[in-house]
Structures are given as structure tokens and as C-alpha cells.
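Before any comments, here is the structure.
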Amino acid sequence: MPTFPRIISVDDHTVEPANVWRDRLPSKYRDSGPRIVRAPLKSMSFMGGKFAPVMGAKGDDGPIGDWWIYEDLHRPLTRLDTAVGYDRDEIKLEVITYEQMRPGSFSVPDRLADMDVNHVQSALCFPTFPRFCGQTFTEAKDRELGLLGVRAYNDWMVEEWCGPEARGRLIPLTLIPLWDAELAAAEVRRNAARGVRAVAFSEIPPHLGLPSIHTDEWDPFLRACDETGTVIAMHIGSSSKMPSTSADAPPAVGSTITFANCCFSMVDWLMSGKFERFPHLKIMYAEGQIGWIPYILERADVVWEENRGWGGVADKVHRPPSELFAEHVYGCFFDDAFGLKNLDAIGVGNVLYETDYPHSDSTWPKSREVGESQMGHLAPEVVDRIVRGNAIDLLGLTDDGLWAGA
């Protein structure tokens, strides 16, 4: 392509600096809230979709890494958290320290510089320590501290990560207290009042021990999103259960089928009736890719047409699921040539581009080259919509693709 639009990535990641919670929690919680310690690794595995690290004691043998400590949780920083810049064969499951990270993982000026290298103008970033939708705080015993932890993260996200230094190029994505839909609604409204238009949510809440979207338990949260124009962003793994086939399946199995949870989740939403009850609601699937979408829409329409009488949806889903998808759902991809070849069956207006910086799947620093290669058959105006136009409309950005709340 003679020119390729400046990318607006709807799925990148931030690694939170060590002081995020110590600086923002009330003084009585600073030593019990999330904090970093440096310690050796005793053991670590990632099999069957389950990540299992064990921290060693001071003086033990083993590689040294930085660990987040919070209640009973010991979570290390790993090379998979920040893999860009490393040869693929050098990216292994290992603990690291902040000094061993690419600075763009946690430093705003360095992130902007790495975005420039990658032809990226703006980026929406998911969390690391809280996990993709704040599961870390949901699983904690102390609910008061958990709520303060969610709010502290959101304040840091809006005021610092996406603050003046970012010049509108970093787009805020906030968390909610998943254990209470009324508190979640209040947090959505608090952040919407300062210009936030995206909130993280779980792809499959029952995997977290939470109600499904087929109940009315989430309605206060969904109403808040509907009324404020806040997009519900669901990242693969936001149910704390990555797809796999067996307890001994290597990570490569799960990595191949990471889209599966998005697939299940999207059918849940399409058959839930929520889009008719909340007509302005929008959802997006980060890192889910898009090639699987056409068949699911085709099958969902057949089931709705032929089986809705006994399928439990006749009284709440009154339109074909494919029509609901077109109005409410966005698929996100970073490397999906097959999906782009079948774009007409998905919808040009329902696709968003991403770079996944700084994770191991990231196309950095060649996201432009990947896009040019896979979108070369598309008209320039279509490419522009996929790479930036749809994101501008969905996230309420300025015409220049910047966060207006900055």
C-alpha cells in the first residue's frame, strides 16, 4: 500500500509500576495491598491452561524475579508479560525483574516511543497484575480493600498512564468490582464522568464463580454501560480459564484455540436478550481473532430460526443473531489473513485492529507490515475503517484518533 493508516490498537497491555497501589491506598492498607518483592522462583508450570508459580524463600536457589504479593497471592513478573524485542525461540516461561523488561511495558515515554516505531498512534491497554478484568481483586478475601484496589488502579490508569504525558495517545480501560453489580455500575459512571469509554469484563463470568449474563444479576452494570456509552471489553483469558483439552496438554494447544472462549461468550450474548433490553450496548473481544465468526453467525441464525421454540430464546431474542451482532459486537485481530478474506461475512464495521504489545503474540515492531500484507486486497477506505475508523467511533475518540479526555 502506498500509505497505511496510523494504527489504533484496541488491545495492548500495561505492566503496572511497583508503586501503583502503595501510592494510592489509605495508609492502613499500604503494607497489605498489592506490593512488589524480589524473590527466587521455586517452580513454575503452565499446563492444561493453568498457570502455577511457586515463590521460594529468601536465600533459596533459583532464578530471581519480581513478585506481586497480595493476601495469599504470589504472582511473578514473567517473560511472557513483556516479550517484545526477543527472538521467538528466546521467549520462555521464566521470571524476570523490572530491569529485565522492555521499559515501554511500564513507562509512558518509552511506550510512546515504541508505538512510534510500530506505526501506532493510539492504544487501549489491558492490565497485568489485576488480570484481564480484575479477577485478582474479585478473588481477594477483603472486599473493602478489593474495592479500594480497583479504584486505585482506575485512578492510576486515567490520571497517570493516560494522563497529560500520554498526550491522548493512550486510551483508558478501567475495571469494576465484579462481585457487586451495583458497585460496578457506580464505578462505570464515576469513570464515564471523566471521559472513560471502555471497561473490562469477563468473557464467561461463571468460570469465576459469578452469575451468567442469562440472569438479571448484571443488569445494573449493563444499564450503566448502555446509558454512558461505555464499551464492554473482554480479553481472552478474562474468565481465568484458558481453553485446553486436558491437564497435560502443552501450552501450544491452548495458544492455538485461544479464540474458543470468545466463541462461547459471543453465543451467550447473542442468545441472552441483553442487546434488545439495552439497545446501545457494545461489546468487543480482544485478541479473539475474527476468522471463526462467519460460521458461528450462520449457525446461530439457523438455531434461532429453526429451534427457538424449544431453545429457550423465543421470548427474549426477537431478531436473527447476525443482525444483533452487526449492531453490537466487535471482533479484534492482530494476525488473521483468513478472517480478512471473509470480511464481507463479518462486516467491515465490526472489526478492530490490535498489536498485543508487549506480549509474546505481539506483531511489534512489524504491525504495519503484517497489516499491509493481509489487507492488500482491500480498498483503502476499508483498511482505514479497520485500522482506525471503527475504533474512533466505538471509543469516542477525536477525529485525529486521540482520547478526548486527556
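In this text, all values refer to a predicted model and were calculated from it rather than measured experimentally. Along the sequence shown, residues are numbered consecutively beginning with 1.
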For this session: Could you go through the salt bridge (charged side-chain N to carboxylate O under 4.0 Å, His left out) check for Asp31 and Arg22 one step at a time?
Result: CA-CA 8 Å; Asp31 292 328; Arg22 299 202 76 165; 2.6 Å; yes
Exercise. Which is it for Trp304 and Leu270 under the side chain to side chain contact (heavy atoms under 4.5 Å, CB included) test, yes or no, and what are the steps along the way?
Worked result: CA-CA 10 Å; Trp304 178 82; Leu270 293 176; over 6 Å; no
For this session: List the steps, then state whether side chain to side chain contact (heavy atoms under 4.5 Å, CB included) holds for Lys341 with Phe338.
Result: CA-CA 5 Å; Lys341 290 174 184 175; Phe338 179 82; 5.6 Å; no
For this session: Apply side chain to side chain contact (heavy atoms under 4.5 Å, CB included) to Met375 and Leu343, showing your working.
Result: CA-CA 10 Å; Met375 300 183 211; Leu343 188 60; over 6 Å; no
Problem set entry | Check against side chain to side chain contact (heavy atoms under 4.5 Å, CB included), Arg143 and Leu147 | CA-CA 6 Å; Arg143 290 293 196 216; Leu147 179 59; over 6 Å; no
Problem set entry | Arg79 vs Glu90, salt bridge (charged side-chain N to carboxylate O under 4.0 Å, His left out): CA-CA, chis, key distance, verdict | CA-CA 9 Å; Arg79 176 54 61 206; Glu90 295 177 348; over 6 Å; no
For this session: Report the C-alpha separation of Ser367 and Thr355 in whole Å, then their side-chain angles, then the decisive distance to 0.1 Å, and conclude whether the side-chain hydrogen bond (donor to acceptor under 3.5 Å, both in side chains) test is met.
Result: CA-CA 6 Å; Ser367 300; Thr355 77; 4.6 Å; no
For this session: Would you please test His214 and Asp216 for side-chain hydrogen bond (donor to acceptor under 3.5 Å, both in side chains) and show each step?
Result: CA-CA 7 Å; His214 299 291; Asp216 60 4; over 6 Å; no
Exercise. Does the pair Thr136 and Arg131 meet the rule for a side-chain hydrogen bond (donor to acceptor under 3.5 Å, both in side chains), with working shown?
Worked result: CA-CA 6 Å; Thr136 296; Arg131 310 216 298 280; 3.3 Å; yes
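Heavy-atom neighbours of Asp87 CG from other residues, nucleotides or ligands within 6.0 Å: above the threshold of 12. Annotation for Lys316: atom NZ counts as buried by contact number, over 12 foreign heavy atoms lying within 6.0 Å.
Side-chain polar atoms of Ser246 and Asp248 form a donor-acceptor pair below 3.5 angstrom. A donor-acceptor pair shorter than 3.5 Å can be found between the side chains of Tyr357 and Asp114. The closest side-chain donor-acceptor pair between Asp72 and His74, if any, does not fall under 3.5 angstrom.
A donor-acceptor pair under 3.5 Å is formed between the side chain of Gln135 and the backbone N or O of Cys133. A donor-acceptor pair is defined here as one N or O able to donate and one able to accept, closer than 3.5 Å; no such pair exists between the side chain of Asp336 and the backbone of Gln289. Judged by distance alone, the side chain of Asn261 and the main-chain N or O of Lys241 form a donor-acceptor pair under 3.5 Å. Under the 3.5 Å distance criterion, the side-chain polar atoms of Asn390 are matched with a main-chain donor or acceptor of Val348. Side-chain atoms of Asp81 do not come within 3.5 Å of backbone N or O of His359 as any donor-acceptor pair. Gln374 places no side-chain N or O within 3.5 Å of a backbone atom of Leu340 that could act as its donor or acceptor partner. In terms of modelled atom types and a separation under 3.5 Å, the side chain of Tyr285 and the main chain of Met266 share a donor-acceptor contact. Between the side chain of Glu187 and the main chain of Pro177, no donor-acceptor pair closer than 3.5 Å is present. In this structure a side-chain-to-backbone donor-acceptor pair under 3.5 Å is present from Thr256 to Ala252. Using modelled atom types, no side-chain atom of Asp60 and backbone atom of Pro40 make a donor-acceptor pair closer than 3.5 Å.
Using a 4.5 Å cut-off on side-chain heavy atoms (C-beta onward), Phe334 and Val370 make no contact. Between Asn118 and Arg368, the closest side-chain pair of non-hydrogen atoms is not below 4.5 Å. In this structure, Asp23 and Trp156 have side chains that are not in contact, with every pair of non-hydrogen atoms separated by 4.5 Å or more.
The shortest heavy-atom contact between Arg111 and Leu170 is CG-CD2, 4.2 Å. Nearest heavy atoms, Thr228 versus Arg189: CG2-NH1, 4.2 Å. Between Thr14 and Cys125, the shortest heavy-atom distance links the atoms N-CB, 4.0 Å.
Ion pair Asp335/Lys366 not flagged as a salt bridge, since none of the NZ, NE, NH1 or NH2 atoms sits closer than 4.0 Å to an Asp/Glu carboxylate oxygen. Taking 4.0 Å as the cut-off between side-chain N and carboxylate O, Arg169 and Asp116 count as a salt-bridged pair. The existence of a salt bridge linking Lys274 and Asp268 is excluded, since no basic side-chain nitrogen approaches an acidic carboxylate oxygen closer than 4.0 Å. The pair Arg277-Asp219 meets the salt-bridge criterion, since a charged nitrogen lies less than 4.0 angstrom from a carboxylate oxygen. Between Glu381 and Arg385 there is no salt bridge, since no side-chain nitrogen of the basic residue lies less than 4.0 Å from a carboxylate oxygen of the acidic one.
Aromatic ring orientation, His235 versus His13: perpendicular (interplanar angle above 60°, classes split at 30° and 60°).
Aromatic rings of Tyr353 and Phe333 (six-membered ring for Trp) have centroids within the 6.0 Å cut-off, being under it. Ring-centre distance between Phe137 and Tyr70: below the 6.0 Å cut-off.
Among Leu175, Val196, Ile176, the one residue that satisfies the side-chain contact (heavy atoms from CB on, under 4.5 Å) test with Asn191 is Val196.
The structure places CD1 of Ile296 at 13.0 Å from OG of Ser322, a figure rounded to the nearest 0.5 Å.
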